[in-house]
Amino acid sequence: MTGSLAIAGLGPGGAALVTPEVSAALAEATDVLGYAPYVARVAVRAGLTLHPSDNREELQRAEQGLRLAAEGRRAVIVSSGDPGVFAMAAAVFEMLEAVPRWQELSIRVLPGVTAMLAAAARVGAPLGHDFCAINLSDNLKPWSLIEKRLRLAAEADFAIALYNPRSASRPEGFGRALDLLREAVGGERIVIFAHAVTTPKERIETVLLHDARVEMADMATLVIIGNSATRRVGRFVYAPRRAS
Ligand code: SAH
């Protein structure tokens, strides 16, 4: 048997947002690996071995997926959202740098709907003009770099999608990010808190930056900070396509 590894995005949670390509890869898989809550989203069936693991074990998981593929298995590593957005695909390529013989394996990255897009679609089109995405977790980078990127993104007037707003290792980080943004752009910006989008626990709040509070976000929340032109139209929020 020729082995393979797919790194697949399961989307933000709702079954309707799992792509047919990802469903097909899961239907053919012999092994599914990933952070336990994501693996729990994959249906159990005969011939499929599930390998749930802890959040922080990305490199070991990547190594295990590559090893299984090298042994002839059809392995799928699952991420939530898109596997290339703050997720497992980069970890697999890091491992490939370390173990060059695995570079010859059949490896595919299967895209998924990332949280930022699902959240944006719920409220309208807040990413309709230039935007950027910043991971607020400081597990893999210094907090000073996060602050620098926030400052420069605000200066460039990007809409900003914030992933991992509440870092377990630095619970005060999000509050500092909000203070920094208020200082940079004032309190009138529209801020969207999108919690558990497309799941039964979905909750969306749209407020102005001066009313944004740390408790409005948790680890299942995607935050979008509007740009200077982001506005409401009826019950929707959008960023106009033109800027001067
Ligand atoms: N690869 C994922 C992101 C992983 S980082 C993707 O592409 O979406 C984990 C962060 O993603 C969470 O802290 C949260 O900010 C965001 N996130 C993931 N699923 C979400 C959902 N259903 N609703 C809101 N935010 C979500």
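All ligand and atom numbering here is 1-based and tracks the order in the structure.
Looking at Thr114, Thr221, Leu10, Asn55 and measuring to atom 6 (C) of ligand 1, the nearest heavy atom belongs to Thr114. When the heavy atoms of Ile204, Leu162, Asn164 are ranked by distance to atom 9 (C) of ligand 1, first place goes to Asn164.
Heavy atoms of Ala194 approach ligand 1 to within less than 4.0 angstrom. Residue contacts with ligand 1 include Ala220, since one of its heavy atoms falls under 4.0 Å from the ligand.
If you number the atoms of ligand 1 from 1 as listed, the ones under 4.0 Å from a heavy atom of Ala87 come out as 1 (N). Set against the non-hydrogen atoms of Ala196, the atoms of ligand 1 under 4.0 Å away are 21 (C), 22 (N), 23 (N), 24 (C). Those atoms of ligand 1 with a heavy atom of Met219 less than 4.0 angstrom away are 12 (C), 13 (O), 14 (C).
No side-chain heavy atom of Leu208 sits under 4.5 Å from any side-chain heavy atom of Arg189.
Of all protein heavy atoms, the one lying nearest to atom 21 (C) of ligand 1 is Val197 N, 3.5 Å. Nearest non-hydrogen protein atom to atom 18 (C) of ligand 1 is Ala115 CB, 3.7 Å. For atom 4 (C) of ligand 1, the closest non-hydrogen atom on the protein side is Phe86 O, 3.6 Å. Here the heavy atom of the protein found nearest to atom 22 (N) of ligand 1 is Pro12 O, 2.8 Å.
Every N/O-N/O distance between Pro83 and ligand 1 stays at or above 3.5 Å. By the 3.5 Å distance cut-off applied to N or O atoms, Asp82 is counted among the residues near ligand 1. The distance criterion of under 3.5 Å between nitrogen or oxygen atoms is not met by Tyr163 with respect to ligand 1. Geometrically, ligand 1 and Ser80 share a nitrogen or oxygen pair separated by less than 3.5 Å. Annotation: Val113 places no N or O atom under 3.5 Å from an N or O atom of ligand 1; distance criterion only. The shortest N or O to N or O distance between Pro165 and ligand 1 is not below 3.5 Å. Not one N or O of Thr199 is nearer than 3.5 Å to an N or O of ligand 1, by distance alone. At least one N or O atom of Val85, backbone or side chain, sits closer than 3.5 Å to an N or O atom of ligand 1.
Judged by distance alone, the side chain of Arg231 and the main-chain N or O of Ala229 form a donor-acceptor pair under 3.5 Å. With hydrogens and angles ignored, the 3.5 Å screen pairs a side-chain donor or acceptor of Arg61 with a backbone N or O of Asp54.
The side chain to side chain contact (heavy atoms under 4.5 Å, CB included) with Ser4 is formed by just one residue from the set Arg74, Glu28, Arg73; it is Arg74.
Atoms CE and CD1, on Met116 and Ile160 in that order, are 12.5 Å from each other to the nearest 0.5 Å. With rounding to the nearest 0.5 angstrom, the CD atom of Glu71 is 9.0 Å from the CG atom of Asp31. To the nearest 0.5 Å, atom OG1 of residue Thr221 and atom CE of residue Met219 are 9.5 Å apart. The line from OG1 of Thr19 to CG of Leu10 is 9.0 Å long, rounded to the nearest 0.5 Å.
Between Glu63 and Arg67, at least one side-chain nitrogen of the basic residue sits less than 4.0 Å from a carboxylate oxygen of the acidic one, meeting the salt-bridge criterion. Looking at Asp179 and Arg182, a side-chain N of the basic residue comes within less than 4.0 Å of a carboxylate O on the acidic one, giving a salt bridge.
When the shell of 6.0 Å around CD of Glu104 is examined, it contains 12 or fewer heavy atoms from other residues, nucleotides or ligands.
Counting side-chain heavy-atom gaps under 4.5 Å among Ile, Leu, Val, Met, Phe, Trp and Tyr, the cluster of Leu33 also holds Leu5, Ile7, Leu59, Leu66, Leu68, Ile77, Met88, Val92, Phe93, Met95, Leu96, Val99, Trp102, Leu105, Ile107, Val109.
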